[in-house]
Amino acid sequence: MPNKRVELQKQIHEWISLHREEGTDFLQKLVRIPSTQGNEQKAQFLIADKLLELALDVDLWEPDGEALASHKYFCSPRNQFIGSPNVVGVLKGIGGGRSLLLNGHMDVVPEGNRAQWHDDPFSGHVVDGKLYGRGATDMKGGNVSLLMAIEAVQSLGIKLKGDIIFESVIEEESGGAGTLAAIVKGYKADAALIPEPTNMRIFPKQQGSMWFRIEVKGRSAHGGTRYEGVSAIEKSMIVIQHIRELEEERNARITDPLYANNPIPIPINIGVIQGGNWPSSVADTVKLEGRMGVAPEETLDVAKEEMRQWMVRLSEKDPWFEAHPPSVEWFGAQWVPGSVDPEHALMQVLMQQFRAVKQEEPVIEASPWGTDGGLLTQIGETPCVVFGPGITQVAHYPNEHIVLEHVFEAAEIIALTILQWCGWEGMEANIHKKHL
């Protein structure tokens with residue numbers, strides 16, 4: 001049996017090496033489709049056609065926004081998804097193995113200021129082994145790794161024991177409504193893998209996050225007698241400092257070694273400040289909007305309550321806030337945190353296959369950002385690990401790109417992970433257990 005595994009690994013490597021050009025071409029086709037929110041359909045149809053070509057059972061549907069709206073974890077700036085379908089492909093196993101869900105998102109953020117790009121933001125051009133374009137890293141490159149992994153396994157001519165569920169979802173960039181819709185529809189597995197751009201690191205834990213809005217109150221007056229008013233702008237400075245102290249306190253509690261390389265594991269960021277309406281008037285209102293990080297083992301509700309209690313303490317710093325407490329509103333996007341034990345069986349299999357392909361030890365860390373993995377782990381009861389090609393430092397940036405070599409390496413690692421996790425016909429049960 002060990003010899004059989006070595007033989008299969010060699011065949012996987014050879015298949016991916018021979019099909020790099022096809023993988024690159026397919027990634028170019030995806031990147032050249034600007035699948036921003038509301039424009040995902042063309043790219044999803046391309047994915048569906050590929051899944052049909054691979055003889056998977058394909059399910060393509062537009063999520064029901066009205067039905068999802070009542071779900072506690074539904075989050076989206078829209079309530080209709082016409083022209084924005086999810087795509088799921090299922091490769092049924094023969095039974096007796098464990099199922100694996102492979103999840104990737106097709107939505108991409110807007111390209112931003114085109115003047116900051118060296119080329120068309122959706123060019124898909126390849127230069128020095130890097131493929132350029134919005135979504136190349138986040139995360140169409142990872143999606144192609146998944147598809148190549150599935151096809152490589154199929155090329156072996158063996159029968160998997162466990163099911164493979166491939167998901168290409170919408171709405172990840174807005175909080176995960178696409179993945180939530182797939183969960184509600186019943187797609188679950190024994191474990192899941194998301195190939196977000198981790199720079200080939202393995203993330204068993206992902207922080208969550210949520211957006212907040214704080215209204216700081218003042219009292220208007222003429223600018224010539226500003227001392228008769230109360231500036232909401234000046235009071236907002238106290239609020240911002242108070243929030244910074246909350247960030248420090250929350251992060252001081254985090255001792256998880258997986259965050260050792262992250263200076264602020266769960267940041268609280270103020271991204272918007274709006275206040276006042278006339279230069280010669282004392283501002284009576286300031287609006288602050290920001291993002292609050294949530295620890296992997298924490299819940300969104302617990303984090304919200306800590307923020308609420310913290311804001312009550314503002315009156316200890318300035319008596320103005322006792323009679324005029326700032327209001328806190330939670331709005332817009334949120335990402336559910338997720339945590340999988342680093343000793344989880346999928347982690348062990350993935351690490352083994354990483355070593356086999358890369359001939360080095362994998363880096364195990366906690367994610368500095370949210371993914372749909374929290375929804376899969378917490379709501380879908382499908383423990384999720386995040387691992388993929390691409391780096392965060394170019395996602396959402398001008399001149400986004402991905403190193404093609406990493407796409408193919410990730411595909412090989414994921415293909416071997418599928419084999420070891422799901423098992424195949426003829427794989428001895430005792431050997432299977434030993435390596436899982």
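What's counted below: heavy atoms across the whole structure, side chains too, no hydrogens, waters or symmetry copies.
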Open item on the list: Counting neighbours of NZ on K159 that are heavy atoms of other residues, nucleotides or ligands and sit closer than 6.0 Å, is the number greater than 12?
Closed with: no

Task: Any residue meeting ring-ring contact (aromatic ring centres under 6.0 Å, His included) with H401, in chain and number order, not counting sequence neighbours - done: Y132

Task: Which residues share a ring-ring contact (aromatic ring centres under 6.0 Å, His included) with W15, sequence neighbours left out - done: H19

Task: Summary of salt bridge (charged side-chain N to carboxylate O under 4.0 Å, His left out) pairs that have at least one residue in residues 390-408, sequence neighbours excluded - done: R20-E405, R134-E400

Open item on the list: Does this structure show an ion pair linking R98 with D163, if we count only N-O contacts that are shorter than 4.0 Å?
Closed with: no

Open item on the list: Can you tell me if H13 has over 12 outside heavy atoms packed within less than 6.0 Å of its NE2?
Closed with: no

TODO: Inspect the contact between E306 and R250 and indicate whether a charged nitrogen and a carboxylate oxygen are less than 4.0 angstrom apart.
DONE: yes

Task: Closest heavy-atom pair and its distance - E196, V386 - done: CB-CG1, 3.7 Å

- [ ] Test the K185-W61 pair against the cation-pi criterion, namely NZ or CZ under 6.0 angstrom from the six-membered ring centroid and within 45° of the ring axis.
- [x] yes

Open item on the list: Nearest 0.5 angstrom please: F81 CZ to Q41 CD, how far?
Closed with: 14.5 Å

Open item on the list: Checking W335 against T371: is there a side-chain donor and acceptor pair closer than 3.5 Å?
Closed with: no

Open item on the list: Could you work out, with ring-ring contact (aromatic ring centres under 6.0 Å, His included) as the rule, every residue matching H242, not counting sequence neighbours?
Closed with: W310

Task: Listed partners of P34 passing side-chain contact (heavy atoms from CB on, under 4.5 Å), at least two apart - done: F122

Open item on the list: Could you check whether any side-chain N or O of S35 sits under 3.5 Å from a backbone N or O of A43, counting only pairs where one atom can act as donor and the other as acceptor?
Closed with: no

- [ ] Return yes if a side-chain donor-acceptor contact under 3.5 Å exists between H125 and D120, otherwise no.
- [x] no

- [ ] Report the residues that fulfil side-chain contact (heavy atoms from CB on, under 4.5 Å) with L46, sequence neighbours left out, ordered by chain and then residue number.
- [x] F26, K29, L30, I33

TODO: Could you note down all residue pairs passing ring-ring contact (aromatic ring centres under 6.0 Å, His included) where residues 143-185 supplies at least one of them, sequence neighbours left out?
DONE: none

Open item on the list: Please check if the number of heavy atoms outside D301 that lie under 6.0 Å from its CG is greater than 12.
Closed with: yes

Open item on the list: Could you work out, with side chain to side chain donor-acceptor pair (under 3.5 Å) as the rule, every residue matching E151, not counting sequence neighbours?
Closed with: K50

- [ ] Could you walk me through whether D256 and K205 pass the salt bridge (charged side-chain N to carboxylate O under 4.0 Å, His left out) test, one step at a time?
- [x] CA-CA 10 Å; D256 191 328; K205 300 182 181 184; 2.6 Å; yes

Open item on the list: Just to verify, what does F331 make a ring-ring contact (aromatic ring centres under 6.0 Å, His included) with, not counting sequence neighbours?
Closed with: W211

- [ ] State whether the number of non-hydrogen atoms from other residues, nucleotides or ligands found under 6.0 Å of Q309 atom CD is greater than 12.
- [x] yes

- [ ] Decide if atom CD of E297 counts as having more than 12 heavy atoms of other residues, nucleotides or ligands within a radius under 6.0 Å.
- [x] yes

Open item on the list: Are more than 12 heavy atoms, taken from residues, nucleotides or ligands other than K92, located less than 6.0 Å from that residue's NZ atom?
Closed with: no

- [ ] Indicate whether the side chain of T299 and that of K304 have a donor and an acceptor atom separated by less than 3.5 Å.
- [x] no

- [ ] Return the set of residues passing side chain to side chain donor-acceptor pair (under 3.5 Å) with H118 (not counting sequence neighbours), or none when no residue passes.
- [x] none

Task: Over 12 non-hydrogen atoms of neighbours within 6.0 angstrom of CD in E21 - done: no

Task: Donor-acceptor side-chain pairing of T179 and N103 below 3.5 angstrom - done: yes

For a quick test of your reading: what N or O donor-acceptor pairs under 3.5 Å do the side chains of residues 263-275 make, sequence neighbours left out?
residue	atom	partner	partner atom	Å
Q274	OE1	K287	NZ	2.9

TODO: With sequence neighbours left out, write down each residue that passes side chain to side chain donor-acceptor pair (under 3.5 Å) with S99, or none if nothing qualifies.
DONE: D190

